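Input: a single structure, listed below in structure tokens.
Being a predicted model, the structure only gives us computed values, none of them experimental.
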Amino acid sequence: MPRTDLTLLHPPTTLRFRELPIFHGPISDVVPSSSIFEIYPIGFLTISEYLHRHGISVRIVNIAMKMLKDRSFDPERFIMGFDSVAFGIDLHWLPHVDGSLDLAEIIKKHHPERPVILGGLTATYYYDEIMRDYPFVDFIVCGDSTEEPLRMLMDAIKSGGGYESIPNLVWRKDRNKIVNEMSYKPENLDYISFDYSHLLKMAIKYRDMTGYMPFKDWLSYPVTAVFQCRGCYHNCGSCAGSLYAFRRLCKRERPAFRSPELLAGDIRDISEFTGAPVMLIGDLLQAGHSYAERFLEIIKRYNIDNEIAIEFFNPPPESFIRKVADSINYYNVEISPESHDQKVREAFGKHYTNEQLEKSIETLLSEGCRRVDMFFMIGLPYQDYSSVMDTVGYCEELLKEYGQSILPMIAPLAPFIDPGSPIFENPERYGYRFFYRTLREHRQAMLMPSWKLALNYETEWMKRDDIVRATYDAASMLLDIKVKYGIIEKGRAEGLKGYIRKAVELIKKLDDSGETEGSIKTEIVRLNSIASICDKHELEWPVRGWRLNPSGIFRLITELFFGNHR
């Protein structure tokens, strides 16, 4: 097989996760991935397709997934035997800091002449520290839309220079850091393609399904996501994707949206090869009612039977809910009120009342919404232990009123509040204190023996011990409520509550002794291997028809080997 131009590598949180005694706790309970965050960024898909379209070969290798699936897989041995014109590593979300930098150092050790490129929001935020302290990183492509700058960089690497004109690039010249202007900020997302068939074709081409899998159980539950925008009009306190953060990090004053025609087309294309659910990421109403209604007109014509999960940042109005119900055959809704307490919710950046929320829920359920997933968080401004428990009480009120059509979840803001977010940049204003600020400090935090010690913050209202206690007590109380209303079986809930009791005991042992060897290490490994504070299968929506459609897969294989590329 000829050498690839660019290999995109996705690391686990740390390459040493198998041997290091780190108790991960509930840090990934409300996302599909495991606690090593094996899901690679959706940008890998758009970069690979865009560069492929421009004649640059790209291979994706999910190192985290390979390590999860095969205990004998050695990432360093793999890198030693693998060559590429250049290597790209995502440092998008901060929990990957140790894995990303370790992987970069291994690449440079075995391929000293090959450029190592980092990208992502965390790499963008910490570009100065990375270029100063980590000489094995050659380039950082900054910003939220790196497809074209990366194409230009690959052309320059292959031709031997000319980096001065590449936008959004941080690089070195004669050991001096050069920061090019952050000038590439496309106004829309119509130039890229969210073409999941491209990933399947590349997996077949390179005979590497594991390297392309998004998360551990994807083949049994091949859920996908389509993205409406990059950026946001909202300012949630902990989010590096907020309007505040994007202005600072990406120099973007407003979100870049994908046209409603292309967005609907993305969902139609996915439905050709899988009957699994499709998540629509980004509130349709952010771009305005005319945009959202145009999308619904088109998706109605496609008559898609996949479950479509729609995200709302605020309770949607009744008139719009009725249009959704008229346009989508099977739909679910996700919304994150964060807290039952309006003061807490507003301090975090969300401005609506419980009455508005409940009115939308009533309309959604009366208009055929199959389930409303509601996410509450722990570690918010003005939120103390009793406030967390009152939020769980509010969840019971909702279940009593609406039954199993409501799925409440509660989890801590963990392990980190994002650098660049409003809270991270203005901690005193929000009542926060941070233990870690630099990239190096966060890297060390990821190696702490428990998730409590990895938390990069505490608040005026809850210390780290309080956040841990509230997390486990709230989870246990919510499990009892879910049993009462038939959402989860009693036996399963008792198993999860048994895990919670052992997790509390383990954290106390770690606090008391500081030891992580012997029986404590055995307990860490055992607890990491089983469920955490909730049943992640609760979050799954039905698969309608084939998980992976054989006729669709056959068509992809035919296109790959006999042409007819889209």
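- Taking OG1 of Thr224 as the reference point, atom CD1 of Ile42 lies at 8.5 Å (rounded to 0.5 Å).
- Checking Tyr457, Phe416, Tyr125 one by one against His442, the ring-ring contact (aromatic ring centres under 6.0 Å, His included) holds for a single residue, Phe416.
- Checked against side-chain hydrogen bond (donor to acceptor under 3.5 Å, both in side chains), Tyr385 has the following partners two or more places apart in sequence or in another chain: Asp473.
- Among residue pairs with one or both ends in residues 409-419, none qualify as salt bridge (Lys or Arg N to Asp or Glu O under 4.0 Å); sequence neighbours excluded.
- Evaluated for a side chain to side chain donor-acceptor pair (under 3.5 Å) with Asn354, the options Gln342, Arg345, Glu397 yield exactly one hit, Arg345.
- Ionic pairing of Arg371 and Asp373 is present here: one or more N-O contacts between side-chain nitrogen and carboxylate oxygen are shorter than 4.0 angstrom.
- Under the 30°/60° scheme for interplanar angles, the aromatic rings of Phe23 and Tyr499 are found to be tilted.
- Of the options Arg252, Lys185, Lys251, a salt bridge (charged side-chain N to carboxylate O under 4.0 Å, His left out) to Asp144 is made by Arg252 and by none of the others.
- Shown here for Glu367 and Tyr331, the closest heavy-atom pair between the two residues is O-OH, 3.1 Å.
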Step-by-step ring pair (Phe, Tyr, Trp, His ring centres under 6.0 Å) determination, Tyr382 to Trp461: CA-CA 6 Å; Tyr382 297 109; Trp461 306 274; 4.9 Å; yes
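- Heavy-atom contacts from other residues, nucleotides or ligands closer than 6.0 Å to CZ of Arg18 number more than 12.
- Not counting sequence neighbours, the partners of Tyr402 by the side-chain hydrogen bond (donor to acceptor under 3.5 Å, both in side chains) test are Glu362.
- A salt bridge does not link Glu523 to Lys502: none of the charged nitrogens lies less than 4.0 Å from a carboxylate oxygen.
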List the atom pairs, donor and acceptor, that lie under 3.5 Å between side-chain atoms in residues 129-136 and the rest of the protein, sequence neighbours left out.
residue	atom	partner	partner atom	Å
Glu129	OE1	Leu439	N	2.9
Glu129	OE2	Leu439	N	3.3
Glu129	OE2	Arg440	N	3.0

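- In this structure, Phe320 and Phe312 have perpendicular ring planes: the angle between them is above 60°, well past the 30° mark.
- Salt-bridge annotation for Lys463 and Glu458: present, with a side-chain N of the basic residue lying under 4.0 Å from a carboxylate O of the acidic one.
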Step-by-step side chain to side chain donor-acceptor pair (under 3.5 Å) determination, Gln356 to Ser360: CA-CA 6 Å; Gln356 290 172 309; Ser360 281; over 6 Å; no
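- Within the structure, the salt bridge (Lys or Arg N to Asp or Glu O under 4.0 Å) test picks out the following pairs touching residues 477-486 (sequence neighbours left out): Glu396-Lys484, Asp480-Lys497, Lys482-Glu538.
- Asp465 is linked by a side-chain hydrogen bond (donor to acceptor under 3.5 Å, both in side chains) to Lys452, counting only residues two or more places apart in sequence or in another chain.
- Salt-bridge formation is not detected for the pair Arg254/Glu187: no Lys NZ or Arg NE/NH1/NH2 atom is positioned less than 4.0 Å from an Asp or Glu carboxylate oxygen.
- Ring planes of His340 and Tyr394: tilted class, angle from 30 to 60°.
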side-chain contact (heavy atoms from CB on, under 4.5 Å) evaluation trace for Phe376 with Met409: CA-CA 6 Å; Phe376 298 92; Met409 307 292 288; over 6 Å; no
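- When the shell of 6.0 Å around CD of Glu19 is examined, it contains more than 12 heavy atoms from other residues, nucleotides or ligands.
- At least one side-chain heavy atom of Val170 sits less than 4.5 Å from a side-chain heavy atom of Cys142.
- The pair Arg247-Glu253 meets the salt-bridge criterion, with a side-chain N (NZ, NE, NH1 or NH2) lying under 4.0 Å from an Asp/Glu carboxylate O.
- Side-chain contact check for Ile117 versus Val141: some heavy-atom pair is nearer than 4.5 Å.
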